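Here's the structure, in structure tokens; my notes come after.
What you are looking at is a predicted structure, and each value in this text was computed from that prediction instead of being measured. Order of listing sets the numbers, starting from 1, for every ligand and every atom in it.
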Amino acid sequence: MPCHNQSLNNVTTGQEHNLTKHVRFAASSNSSSVPVAPSSEAVDDVNKQRLNGNCPNGGGLGPDVLNLGPQLKLLPLNSQILELQTIIRDKTTSRGDFVFCADRLIRLVVEEGLNQLPYSECTVTTPTGHMYEGVKFERGNCGVSIMRSGEAMEQGLRDCCRSIRIGKILIQSDEETQEAKVYYAKFPPDINRRKVLLMYPILSTGNTVIEAVQVLIEHGLQPKHIILLSLFSTPHGAKAILQEFPEITLLTTELHPVAPTHFGQKYFGTE
Ligand SMILES: Nc1nc2c(ncn2[C@@H]2O[C@H](COP(=O)(O)OP(=O)(O)OP(=O)(O)O)[C@@H](O)[C@H]2O)c(=O)[nH]1
Ligand SMILES: O=P(O)(O)OC[C@H]1O[C@H](OP(=O)(O)OP(=O)(O)O)[C@H](O)[C@@H]1O
Ligand SMILES: O=c1cc[nH]c(=O)[nH]1
């Protein structure tokens, strides 16, 4: 069962930004509440229920487990997705198989992400002269990838939206101080009037994404126009992001306390 569509409205402010450079502490460090993640057993148990088709809330796991509401959307689990997740996690997986399976999982998330964008009704004429009432997507979307692992998702988006504009943000967190620095950010000039598919495959603490969303907000974007596409998320990371920005849509294939944080290293071959 697919996730429910969500209509996003247009923004009409007219600010323009190109290149920005920021330095700040991770936004989660000033959160008033510390997210409490459910236990590993509780999450595993609900994942098994999802696989067996016993999906609470129409296929959505997260809202029930984390009590975060409908902004957290999980792809309905099936054997194919579970196999891709398993191969990506397996330390014996070759890099070729890893990239192949990661690209397949990315494509599934991208396709579902496009479902979160607004569509309008249209009528077309078929070759037999039949009037067919269908839908067409509304223009005014763009992608933003968080470097570097978010760049792995760009091709999947381009395979669906061939000429879509894609902005980039580079954020690095200091391992000891947790200070998140924005080194580079470049977006389409009218990003504040677009809906943004924000791409980052692994949400661990959520700090990287929280920082990226802050930068987008500084560029005039409303959080409700951000659809975060990820592959794997920890419950803690999802909760941190949605507590900080309750209006963004977070799409992922899995909530698990142990995220495959080797993703970027293995995908790009720098392990
Ligand atoms: N079928 C088809 N779709 C296309 C073609 N070129 C682009 N598109 C699709 O149209 C979408 C929107 O095109 P854009 O021109 O990027 O739309 P926009 O966001 O309103 O305008 P931009 O300011 O150019 O970003 C793209 O994401 C593609 O998926 C084409 O030649 N054929
Ligand atoms: O949610 P966070 O706690 O911020 O973490 C998100 C990701 O960032 C780290 O990767 P890395 O710094 O290697 O980035 P990269 O994979 O994009 O290269 C970490 O291994 C996670 O995969
Ligand atoms: O921007 C978009 C959204 C949906 N489908 C497309 O081809 N492009």
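Looking at atom 6 (C) of ligand 2, its nearest protein heavy atom turns out to be Ile202 O, 3.3 Å. Taking atom 5 (O) of ligand 2 as the reference point, the nearest protein heavy-atom neighbour is Ser204 CB, 3.6 Å. What sits closest to atom 18 (O) of ligand 2 on the protein, heavy atoms only, is Arg148 NE, 2.9 Å. Closest protein heavy atom to atom 9 (C) of ligand 2: Tyr200 OH, 4.1 Å. Residue, atom and distance of the protein heavy atom nearest to atom 15 (P) of ligand 2 are Ser149 OG, 3.6 Å. Regarding atom 3 (O) of ligand 2, its nearest protein heavy-atom neighbour is Thr205 OG1, 2.5 Å. Of the protein's non-hydrogen atoms, Thr208 OG1, 2.5 Å is the one closest to atom 4 (O) of ligand 2.
Side-chain N/O atoms of Gln265 and Thr270 include a donor and acceptor closer than 3.5 Å.
With ligand atoms numbered from 1 in the order given, ligand 2 contributes 1 (O) to contacts under 4.0 Å with heavy atoms of Leu203. Using a 4.0 Å cut-off to heavy atoms of Asn141, the atoms of ligand 3 that qualify are 1 (O), 2 (C), 3 (C). Here is the list of ligand 3 atoms found below 4.0 Å of a heavy atom in Cys161: 2 (C), 5 (N), 6 (C), 7 (O), 8 (N). For ligand 2, the atoms sitting less than 4.0 Å from at least one non-hydrogen atom of Asn207 are 1 (O), 4 (O), numbered in the order shown with element in parentheses.
For the salt bridge (Lys or Arg N to Asp or Glu O under 4.0 Å) condition, the pairs that include at least one residue of residues 99-109, sequence neighbours left out, are Arg107-Glu111.
Considering OG1 of Thr249 and NZ of Lys224, their distance stands at 11.5 Å, rounded to 0.5 Å. His225 NE2 to Ile217 CD1: the interatomic distance, rounded to the nearest 0.5 Å, is 12.5 Å.
In this structure, Cys160 counts as a contact residue of ligand 3, since one of its heavy atoms falls inside 4.0 Å of the ligand. Heavy atoms of Gly206 come nearer than 4.0 angstrom to ligand 2 in at least one pair.
Comment: Glu211 does not engage Lys181 in a salt bridge, judged by the lack of any side-chain N to carboxylate O separation of less than 4.0 angstrom. For the pair Glu121 and Lys136, the salt-bridge criterion is not met [side-chain N within less than 4.0 Å of a carboxylate O]. In this structure, Arg89 pairs ionically with Glu254, as a charged nitrogen and a carboxylate oxygen lie closer than 4.0 Å.
Residues that satisfy the side chain to side chain donor-acceptor pair (under 3.5 Å) test with Ser230, not counting sequence neighbours, are Thr252.
Remark: ligand 3 and Tyr119 share no N or O pair separated by less than 3.5 Å (distance only, no angle test). Not one N or O of Gln172 is nearer than 3.5 Å to an N or O of ligand 2, by distance alone.
Within the 3.5 Å criterion, the main-chain N or O of Ile88 finds a donor-acceptor partner in the side chain of His262.
For atom 12 (O) of ligand 2, no protein heavy-atom neighbour is present inside the 4.0 Å cut-off.
For Glu271, the CD atom is densely surrounded, since the number of other residues' heavy atoms within 6.0 Å is greater than 12.
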